[in-house]
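Presented below is the structure to which this report refers.
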Number of protein chains: 2
Amino acid sequence: MKEQTSPDSPLADLCRQRGLKLTGQRRTIAFVLSDSDDHPDVEELYRRAVAVDSRISIATVYRTVRLFEENGILQRRDFGGGRARYEVADGDHGDHYHLIDADSGKVIEFENAELDALLDTIVQQMGYGLVTTRLSVVGRKKAKTRGGN
Amino acid sequence: MKEQTSPDSPLADLCRQRGLKLTGQRRTIAFVLSDSDDHPDVEELYRRAVAVDSRISIATVYRTVRLFEENGILQRRDFGGGRARYEVADGDHGDHYHLIDADSGKVIEFENAELDALLDTIVQQMGYGLVTTRLSVVGRKKAKTRGGN
DNA sequence: TTGTATAATGCGAAAGATTATCAATTGCAA
DNA sequence: TTGCAATTGATAATCTTTCGCATTATACAA
């Protein structure tokens, strides 16, 4: 049984900055998240966290993920499939969007300044200020060589 | 107890065209949907359907809504809140998108050809063909008079 | 460092939405 | 009209997420 204390991580620092109590579990979850560049769901986060420190309950993962979202540390995404998925909220670079491969389910991130600007303009013209954009496009890979699959 | 047989409706015709067996319940649900121009969830559809013919179970509403979606008659939407919402799939005019009022939760539809084109271009450039776009923007109404909250 | 108030955790139960099961019923082609 | 496969209603089951509560750990002051 692993009982390792996780090292600090960029997200653990963020956690402290927001004045959140930094428990061992939160440190571990923050570590796992800092180490992820995909879009894990809670079950997957739980798996990764337990691999580091087995003294973690899935309820805590749910709670932590919600707490982090409320504090702007994480963003919740919905790619269909009935479970929420999470990714680190990048304060750095602008919004990014997601292309979902219709066949494999793989998620590919992309950015596009023109799209950012257009969405903002549209919303402004409707008399609103843009708060959040939820955009994911589902696409199917164009076969270069025919007869793919 | 209402036991009225619903009249046919545009969606009921579509149902027949797709070779689906047109039961009384499906006729009623199709009628209710044809009559709706909002984005009801299953619970709400069930309420509306029962008002027309009380011999309907919510299980049938779930089943029918799924069947209609699989046959391109309905589109499932997710506006947050944990329940799926449905709207008639317009084969006529192009895609439309949704602006959700951050304060009231109200859903406002809009279309934008420039946005259609840009999304298509982006996806093409990534080597994919566009299958579906899931886009909703959350916005907050700009106060004309200052001092709002 | 030690003690303490308070907040967080673990575990299992509960909630909420959706799907599956299965006997009884219905639509539809012959 | 008949027969049969598909559909329905009622309810159990499933799946994800949250809650309740006793126990434990954290931050902070002395």
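Worth knowing before you read on, the calculation uses all heavy atoms, side chains too, and leaves out hydrogens, waters and symmetry mates. Chain identifiers are assigned alphabetically (A, B, ...) following the order of the sequence lines, protein sequences preceding nucleic acid strands; residue numbering begins at 1 within each chain.
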Atom pair distance, as rounded to whole Å: CZ in Arg55(A) and P in dA8(C): 18 Å
For Asp13(B), salt bridge (Lys or Arg N to Asp or Glu O under 4.0 Å) partners two or more places apart: Arg16(B)
Report yes if a side-chain nitrogen or oxygen of Thr23(A) is closer than 4.0 Å to either non-bridging phosphate oxygen (OP1 or OP2) of dT26(D); otherwise report no. no
Closest to side chain of Arg83(B), choosing from dG12(C), dG9(D), dA17(C): dA17(C)
Counting only side-chain nitrogens and oxygens, does Gln25(B) get under 4.0 Å of the OP1 or OP2 atom of dT26(C)? no
Atom CG of Leu20(A) to atom P of dT9(C): distance rounded to whole Å? 11 Å
Distance, rounded to the nearest Å, where Ile56(A) contributes CD1 and dG10(C) contributes C1': 11 Å
Atom of Asp95(B), atom of Glu111(B) and distance for their closest heavy-atom approach: O-CG, 3.8 Å
Nearest to the side chain of Arg63(A), heavy atoms from C-beta on, is which of dT26(D), dT18(C), dG20(D)? dG20(D)
Tyr62(A) side-chain N/O to dT18(D) phosphate OP1/OP2 under 4.0 Å: no
CZ of Arg76(A) versus C1' of dT17(D): gap in Å, rounded? 10 Å
Starting at the 5' end of DNA chain C, which residue's closest nucleotide do you reach first, Val42(B) or Leu22(B)? Val42(B)
Just the rounded figure in Å: distance from P of dT18(D) to CD of Glu69(A). 10 Å
Atom-pair distance (NZ on Lys21(A); C1' on dA7(C)), nearest Å: 4 Å
Have a look at Tyr46(A) and tell me which of Val61(A), Asp41(A), Val32(A) forms a side chain to side chain contact (heavy atoms under 4.5 Å, CB included) with it. Val61(A)
Distance check needed: dT25(C) C1' versus Arg26(B) CZ, whole Å only. 14 Å
Would you check, one step at a time, whether the test side chain to side chain contact (heavy atoms under 4.5 Å, CB included) holds for Phe79(A) with His39(A)? CA-CA 10 Å; Phe79(A) 298 143; His39(A) 310 80; 3.9 Å; yes
Using a 4.0 Å heavy-atom cut-off across all strands, classify Ile58(B) as base, sugar-phosphate, or nothing. nothing
Distance in Å, Leu119(B) CG paired with Gln124(B) CD, rounded so as to fall on 0.5 Å steps: 11.5 Å
Tell me the interatomic distance from Glu44(A), atom CD, to dT17(D), atom P, rounded to whole angstroms. 14 Å
Can you see if the side chain of Arg66(A) gets near the phosphate of dC19(D) - specifically, an N or O under 4.0 Å from OP1 or OP2? yes
